[in-house]
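Reading through the structure tokens given below for one structure.
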Amino acid sequence: MRNRLLIVSVFIVASCGLAYELITGALASYLLGDSVLQFSSIIGCYLFAMGVGSHLSKYVKDERVLDAFIEIELLVGLIGGVSAAVLFLVFAWAGEPFRLVLYGLVFVIGVLVGMEIPLVMRAMNQRQASFSELVSQVLTFDYLGALAVSLLFPLVLAPKLGLARSALLFGLLNAGVALWACRAFRRELRQPGLQLARSGVVLLLLAGGFLASDHLTRWSEKAVYGDEIIHAETTPYQRLVITKWKSDLRLYINGNLQFSSRDEHRYHEALVHPVLAKLPWARNVLVLGGGDGLAVREMLKYRNIQRITLVDLDPAMTRLFSRSEPLRALNQGSLTDPRVTVVNDDAARWLEQDHGSFDAVIVDFPDPSNFALGKLYSVPLYRLLACHLAENGLAVVQSTSPMHAPRSFWSVDATLRAAGLSTTPYHAYVPSFGEWGFIIAAKKPGYAPPERYTVPLRFLDKEATRQMFFFPPDMPRWKVLPNELNNQQLVHYFEQDWSQVLR
């Protein structure tokens with residue numbers, strides 16, 4: 001019976017071990033930006049540390065196996081449970097040593113997790129379990145635990161609990177295993193009373209942290225963003241944070257500023273109107289990304305537009321900007337307009353499955369900071385886009401900064417041209433971002449900027465438009481490679497460019 005209970009504990013500790021790895025990886029991506037190097041280094045550090053832990057387990061004396069198992073469970077639960085909260089606080093208040101603390105925690109947790117399974121196997125072996133049965137059962141439940149948490153984490157835990165509370169929940173599970181072991185094996189422990197007291201203290205600390213974690217996360221994020229946080233939400237896809245200072249509303253996705261209400265009109269007017277002002281006959285328009293509805297707001301100014309299809313991956317994003325009164329006021333209720341159809345789907349998959357044709361396409365994806373986003377700026381996707389573009393239609397792609405990220409900007413241009421489209425690059429000054437770039441794409445060459453607009457605008461006029469299409473000497477064209485799926489060159493350019501700008 002006790003061997004079966006030990007097997008159940010293997011399932012739990014395996015789930016917890018993988019959970020801490022997923023949580024630290026996700027948190028690092030939210031705070032530092034998502035990259036293959038980052039995830040690979042965290043996974044590599046964690047697995048190496050587990051190997052170190054497995055080696056160290058052999059130095060535990062046979063008569064202390066159960067005591068050591070309980071102590072390690074309590075340490076894993078305590079350190080792993082508070083890891084996400086600690087990392088949020090360090091990032092908010094210290095900044096510089098964040099990576100050191102991140103990898104230090106990953107290594108320590110990995111060492112402790114690496115000791116768990118060998119100690120369980122030794123405990124079972126002491127109870128005359130056959131070697132073949134011992135190995136098969138332990139490894140089976142180890143892998144089952146990893147499968148369970150790998151499915152639960154992105155689908156349930158991260159969206160519903162958030163990272164800090166998820167870590168504390170798994171910490172409670174580790175401490176719960178320790179408490180169970182104290183009761184089940186109390187006659188075999190050297191100091192059962194002390195171990196029981198330790199387990200109770202750790203459980204109380206983690207339970208208190210679980211109850212207070214939302215306040216702690218908001219406090220640390222307030223230090224990061226500086227302004228009052230009026231909405232914070234972790235979805236299966238990203239971390240959404242809305243801040244407010246006086247009349248200024250700001251949206252951050254995974255810590256990156258997406259807009260400021262004080263100057264977003266510059267960005268969205270520059271994105272939308274150089275295209276739609278040239279298409280007075282346009283009726284059917286597609287928006288890829290832009291789940292905040294701000295680009296759609298600009299498009300609805302044109303009475304000739306009869307239908308707008310917006311495709312955005314995250315339903316939490318479009319739901320937030322459809323229901324929140326301050327955000328609805330900002331986008332003027334655009335997402336609930338009868339002319340607008342909102343589709344929550346992956347843009348690449350949707351383009352493959354849909355067979356419609358559109359007079360204009362507005363592409364407003366987040367910057368290509370990782371490979372998941374990089375595929376949305378690739379030659380295959382732009383070829384799909386061209387298939388959906390009317391023969392005389394126009395598309396526009398937000399393309400990061402030609403000033404601060406020139407490799408990235410001109411790689412988007414090269415990628416559109418590699419997909420068989422004619423391109424016209426331009427840029428606009430948005431105070432929150434600096435100089436920001438856009439590229440108009442068409443099946444036929446010959447685009448000329450509009451000289452007048454028939455809808456009310458705050459930023460664009462004839463002169464402002466003329467300046468947008470002029471590139472001064474300090475923003476020259478770069479000779480760079482297009483973004484193919486097999487190399488994702490754009491993501492590498494993006495990391496190189498911004499690493500030289502951001503401090």
Where do S83 and I109 land on the side-chain contact (heavy atoms from CB on, under 4.5 Å) test, with the steps shown first? CA-CA 9 Å; S83 59; I109 295 169; 4.1 Å; yes

Kindly determine whether V287 and V340 satisfy side-chain contact (heavy atoms from CB on, under 4.5 Å), including the steps that lead there. CA-CA 10 Å; V287 183; V340 178; over 6 Å; no

Residue pair M317, L251: steps toward the side-chain contact (heavy atoms from CB on, under 4.5 Å) verdict: CA-CA 11 Å; M317 178 79 165; L251 167 66; 3.5 Å; yes

With side-chain hydrogen bond (donor to acceptor under 3.5 Å, both in side chains) as the criterion, how do Q398 and Y377 come out once you've worked through the C-alpha distance, each side chain's angles and the decisive distance to 0.1 Å? CA-CA 10 Å; Q398 90 80 12; Y377 292 79; 3.1 Å; yes

Output, in order, the C-alpha distance, side-chain angles, deciding distance and verdict of salt bridge (Lys or Arg N to Asp or Glu O under 4.0 Å) for D227 and K246. CA-CA 9 Å; D227 299 330; K246 295 184 178 180; over 6 Å; no

L389/F358 under side-chain contact (heavy atoms from CB on, under 4.5 Å): CA gap, chis, key distance, verdict: CA-CA 5 Å; L389 187 63; F358 298 91; 5.7 Å; no

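Under a 3.5 Å cut-off, the side chain of S15 and the backbone N or O of V149 do not form any donor-acceptor pair. No donor-acceptor pair closer than 3.5 Å links the side chain of D364 to the backbone N or O of A295. Remark: side-chain polar atoms of S166 are not paired, donor with acceptor, to backbone N or O of L163 under 3.5 angstrom. Within the 3.5 Å criterion, the main-chain N or O of L320 finds no donor-acceptor partner in the side chain of S324. Using a distance-only test at 3.5 Å, with no hydrogens or angles considered, a donor-acceptor pair links the side chain of S334 to the main chain of G293. Looking only at distances, no side-chain donor or acceptor of D367 sits under 3.5 Å from a matching main-chain atom of S369.
Using modelled atom types and a 3.5 Å distance limit, the side chains of D248 and S260 yield a donor-acceptor pair. T24 and Y46 share no side-chain donor-acceptor pair at under 3.5 Å. Between the side chains of N483 and S411, no donor-acceptor pair of N or O atoms lies under 3.5 Å. Judged by distance alone, the side chains of Q195 and E71 do bring a donor and an acceptor atom under 3.5 Å apart. Side chains of D263 and Y429: a donor-acceptor N/O pair is absent below 3.5 angstrom, by distance only. Between the side chains of T318 and N344, at least one donor N or O sits under 3.5 Å from an acceptor N or O. Side chains of R250 and T243: no donor on one and acceptor on the other come within 3.5 Å. Counting only N and O atoms by type, the side chains of T336 and R328 include a donor and acceptor under 3.5 Å apart. For the residue pair Y267 and Q258, no side-chain donor N or O sits within less than 3.5 Å of a side-chain acceptor on the partner. Side-chain atoms of H404 and E435 include no donor-acceptor pair closer than 3.5 Å.
Atom CG of L179 and atom CZ of R198 lie 14.0 Å apart (nearest 0.5 Å). In this structure, the separation between CG on D337 and CD1 on I305 is 12.0 Å, given to the nearest 0.5 Å. The line from OG1 of T234 to CG of L161 is 10.0 Å long, rounded to the nearest 0.5 Å. With rounding to the nearest 0.5 angstrom, the CD atom of Q489 is 13.5 Å from the OG atom of S378. Interatomic distance, F365 CZ to L313 CG, rounded to the nearest 0.5 Å: 9.5 Å. For the atom pair CG of L384 and SG of C387, the computed distance is 6.0 Å after rounding to the nearest 0.5 Å.
Two residues are said to be in side-chain contact when any heavy atoms from C-beta on lie closer than 4.5 Å; T400 and W498 meet this criterion. Looking only at side-chain heavy atoms (C-beta outward), E73 and I70 stay at 4.5 Å or farther from each other. Side-chain contact between L288 and L286: present, with at least one pair of heavy atoms (C-beta onward) separated by less than 4.5 Å. Counting heavy atoms from C-beta on, the side chains of I229 and H231 never come closer than 4.5 Å. Proximity of N331 to D292: side-chain heavy atoms (C-beta onward) are nowhere separated by under 4.5 Å. In this structure the side chain of F170 never reaches within 4.5 angstrom of the side chain of I12, judged on heavy atoms. Within the 4.5 Å cutoff, side-chain heavy atoms of Y20 are placed close to those of N174. In this structure, the side chains of E21 and I43 come closer than 4.5 Å at one or more pairs of heavy atoms.
With sequence neighbours excluded, the residues forming a ring-ring contact (aromatic ring centres under 6.0 Å, His included) with F433 are W436, listed by chain and number.
The cationic group of R165 lies under 6.0 Å from the six-membered ring centre of F210 and within 45° of the ring axis, placing it in a cation-pi geometry.
Between D354 and R349 there is no salt bridge, since none of the side-chain N atoms of the basic residue sits less than 4.0 Å from a carboxylate O of the acidic one. Between E269 and R297 there is no salt bridge, since no side-chain N of the basic residue sits under 4.0 Å from a carboxylate O of the acidic one.
Of all heavy-atom pairs between L310 and G289, the closest is CG-O, 3.7 Å. In this structure, L490 and S408 approach most closely via the heavy-atom pair CD1-O, 3.4 Å. Contact between V379 and P482 at its shortest, heavy atoms only, is CG2-CB, 4.3 Å. The two residues F459 and A428 make their nearest non-hydrogen contact at CE2-CB, 4.2 Å. Contact record, V311 with A347: CG1-CA, 4.1 Å, taken as the closest heavy-atom pair. Residues S261 and L330 share a closest heavy-atom pair of CB-CD1, 3.8 Å.
Other residues, nucleotides and ligands place no more than 12 heavy atoms under 6.0 Å from the CZ atom of F48. The environment of CZ in R339 is crowded: more than 12 heavy-atom neighbours from other residues, nucleotides or ligands sit within 6.0 Å. Within 6.0 Å of the NZ atom in K244, the count of heavy atoms belonging to other residues, nucleotides or ligands does not exceed 12.
Of the listed residues (H265, H273, H268, Q332), just one forms a side chain to side chain donor-acceptor pair (under 3.5 Å) with E298, and that residue is H273.
Between Y426 and F438, the ring planes are parallel. Angles under 30° get that label, and only those over 60° would be called perpendicular.
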